Amino acid sequence: MKKESVFKDKDKLSTNYNPKNLPHRDEEIRSIASLLAPALKGNKPSNLFVYGKTGTGKSAVIKRVTERLRQKSEENGTEVKIVYLNCKLRKVADTEYRLIAELARKLGKDVPSTGLPTDEVYERFFDALDSDKRILVLILDEIDSLVEKTGDEFLYNLTRVNEELKRSKLSLVGISNDLSFTRDIDPRVKSSLSEEELLFSPYDASQLKDILQSRADEAFHEGAILQGVVQKCSALAAQEHGDARRAIDLLRVSGELAERSDSEEVRPEHVDKAENEIDRNKVLEVVESQPRQSQAVLWSIINLCEERDEMVQTGEVHSLYEQVCNTSGLDPLTQRRVSDLISELDMLGIIQAKVTSHGRYGRTRMIKPAVSTNVKNQLKNILKEKYYFG
DNA sequence: AGTCCACAGGAAGGGCAGGCGA
DNA sequence: TCGCCTGCCCTTCCTGTGGACT
């Protein structure tokens with residue numbers, strides 16, 4: 001407690017912090033601003049579709065521009081309402097019903113979390129929207145994950161809204177991490193959603209360094225970071241498609257590790273440790289949030305693979321899983337369902353599962369854990385302690 | 001060329017919890 | 001209280017399939 005922290009203001013490195021400076025995104029800020037500007041004159045801005053990989057500043061730029069838009073509209077008294085929704089937020093906006101219900105709520109209409117027919121929810125949303133003359137700028141972040149889960153019907157409805165509204169206008173801003181996302185949606189939806197498109201290209205290492213340096217200046221005490229730390233963080237993040245969020249996380253965790261080890265400054269070796277720790281935490285967190293059935297499946301996969309020292313197939317996993325269920329008092333699910341759980345674990349990046357054909361010996365998924373031995377052992381301990389005995 | 005394995009994965013529908021209006 | 005609606009998780013049933021083997 002006596003020691004002075006390396007941090008001056010750690011919040012500046014948190015994911016929620018929206019920085020004043022957005023280096024290397026001036027052009028994007030300008031074009032989005034000019035696209036949304038008509039709202040200030042009471043005209044509907046074109047729908048906008050923004051895409052780019054994670055940590056390329058999409059959400060930060062949009063938030064920044066819309067915040068300015070809000071200020072301006074307050075100044076000159078135009079009715080512009082801005083609603084930001086992250087479609088990945090569990091239990092909030094991850095289904096069509098929840099999304100529209102949440103929108104209606106944000107506009108001041110009360111909607112129960114379940115129980116209404118969907119068209120009723122749409123109606124309430126339209127009512128709320130049309131109750132005043134205004135422009136609504138609706139920002140849907142991570143829109144790809146919602147479309148993947150529930151289909152593109154809600155987008156179709158939202159892009160048609162303006163035909164039904166008498167007084168208000170709705171403008172859509174979609175943000176997607178998935179570059180190929182528009183390929184699979186209804187062409188009519190596609191054309192109206194992407195009246196305008198903007199691609200955020202990844203940062204390169206030197207741009208990342210600028211970004212990181214400006215954050216580091218805000219977050220750390222002077223001289224608390226040794227030379228090379230910022231470079232190292234940005235170089236590591238640049239390897240991973242130029243993800244600024246990753247770079248900032250690395251820096252934050254490095255700082256925390258330095259602090260924990262009673263060091264007065266952050267050194268490059270702290271960055272190495274930070275990299276490991278971040279990977280590990282991510283996996284452990286995801287696994288702990290999985291339902292028990294999924295955990296049992298994962299437990300079976302890890303054990304089978306270890307025993308065999310090779311990849312295993314769906315059928316084998318399922319039979320061990322059934323045993324695991326019996327010993328731990330779980331109701332075993334059918335192979336069909338387990339097959340889906342395996343796909344989910346694969347999508348989460350915890351395991352690797354590839355469909356392979358063995359000719360005469362059938363066609364199945366070949367499965368193995370996709371985490372380092374270190375993380376795998378920790379996973380084993382957690383799962384073993386929590387539920388199962390092997 | 002045909003067979004056949006061991007599933008993949010789509011479709012349909014059951015059952016549950018939560019909610020509405022009459 | 002009843003009939004009906006939703007999302008969600010799951011089962012049942014089914015057709016499709018890549019490629020080693022015959």
Side-chain angles (χ1 to χ4, degrees), chain A residues 85-105 108-128 140 142-143 145-158 184-186 286-301 304-305 308 310-326 328-348 350-368 370 387:
Chain A
L85 260 188
N86 188 323
C87 304
K88 232 180 180 172
L89 276 186
R90 285 220 166 167
K91 312 279 176 194
V92 177
D94 56 352
T95 66
E96 180 181 11
Y97 183 97
R98 284 176 180 160
L99 174 80
I100 305 298
E102 184 62 21
L103 288 177
R105 271 184 224 122
K109 270 262 175 174
D110 203 30
V111 181
S113 55
T114 158
L116 290 184
T118 315
D119 52 347
E120 168 74 22
V121 185
Y122 271 104
E123 211 149 285
R124 290 196 189 187
F125 167 56
F126 292 165
D127 281 353
L140 296 176
E142 315 228 28
I143 198 171
S145 67
L146 184 54
V147 170
E148 193 183 308
K149 242 183 106 178
T150 67
D152 55 9
E153 201 166 329
F154 77 95
L155 271 180
Y156 182 78
N157 292 334
L158 283 178
D184 329 307
I185 58 177
D186 187 324
V286 172
V287 170
E288 294 212 51
S289 70
Q290 289 304 302
R292 290 190 68 183
Q293 299 286 2
S294 264
Q295 292 180 341
V297 172
L298 179 60
W299 169 254
S300 312
I301 293 171
L304 259 185
C305 283
R308 301 279 183 74
E310 59 181 16
M311 294 176 104
V312 291
Q313 53 195 54
T314 309
E316 299 168 325
V317 171
H318 184 248
S319 42
L320 178 59
Y321 156 83
E322 280 186 314
Q323 288 175 36
V324 169
C325 285
N326 286 335
S328 60
L330 234 57
D331 277 343
L333 301 175
T334 54
Q335 182 159 321
R336 177 69 188 84
R337 180 68 189 137
V338 168
S339 166
D340 279 344
L341 293 181
I342 291 175
S343 301
E344 283 169 30
L345 288 171
D346 180 29
M347 283 218 305
L348 290 169
I350 302 167
I351 61 169
Q352 216 183 77
K354 207 175 140 207
V355 180
T356 1
S357 175
H358 297 95
R360 192 76 179 70
Y361 306 104
R363 188 169 163 267
T364 177
R365 278 206 195 86
M366 295 310 286
I367 307 158
K368 67 172 179 191
Y387 308 106

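Throughout, protein chains are lettered first and strands after them, A, B, ... in sequence-line order, and every chain is numbered starting at 1. As the structure is a computational prediction, the values presented were derived from the model and not from experiment.
Ser339(A) has a side-chain polar atom (N or O) that falls below the 4.0 Å cut-off from OP1 or OP2 of dA8(B). Between Ser357(A) and dT17(C), a side-chain N or O to OP1/OP2 separation shorter than 4.0 Å is absent. For Tyr361(A), a side-chain nitrogen or oxygen approaches OP1 or OP2 of dC21(C) to under 4.0 Å. The phosphate of dG18(C) has neither OP1 nor OP2 within less than 4.0 Å of any side-chain N or O from Thr356(A). For the OP1/OP2 pair of dG9(B) and a distance below 4.0 Å, the side-chain nitrogens and oxygens of Arg365(A) include at least one atom meeting the criterion.
Along DNA chain B, the nucleotide closest to Arg336(A) and the one closest to Gln313(A) are compared, and the more 5′ of them pairs with Gln313(A).
For Arg360(A) and dC21(C), the CZ to P distance is 9 Å, given to the nearest whole Å. Rounded to a whole Å, the CZ atom of Arg363(A) is 12 Å from the C1' atom of dT15(C). Spacing between atom NZ of Lys354(A) and atom C1' of dG18(C) amounts to 13 Å, rounded to whole angstrom units. Between the CZ atom of Arg337(A) and the P atom of dA11(B) there is a distance of 17 Å, rounded to whole Å. Between the CG atom of Asp340(A) and the C1' atom of dC10(C) there is a distance of 10 Å, rounded to whole Å. Asp331(A) places its CG atom 13 Å from the C1' atom of dC9(C), with the value rounded to the nearest Å. Atom pair Leu333(A):CG and dC8(C):C1' shows a separation of 14 Å (rounding to whole Å applied). Per the geometry, CG belonging to Asp346(A) stands 12 Å off P belonging to dA8(B), to the nearest Å.
For the residue pair Glu142(A) and Asn86(A), the shortest heavy atom distance occurs at CG-OD1, 3.5 Å. Of all heavy-atom pairs spanning Tyr321(A) and Val338(A), the tightest one is CE2-CG2, 3.7 Å.
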Trace of the side-chain contact (heavy atoms from CB on, under 4.5 Å) decision for Leu155(A) with Ile143(A): CA-CA 9 Å; Leu155(A) 271 180; Ile143(A) 198 171; 3.7 Å; yes
Worked verdict on Ser300(A) versus Gln323(A) for side-chain contact (heavy atoms from CB on, under 4.5 Å): CA-CA 9 Å; Ser300(A) 312; Gln323(A) 288 175 36; over 6 Å; no
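Using modelled atom types, no side-chain atom of His318(A) and backbone atom of Val297(A) make a donor-acceptor pair closer than 3.5 Å.
The nucleotide whose nearest atom lies closest to any side-chain atom of Arg124(A) is, among dT11(C), dG21(B), dA8(B), dG21(B).
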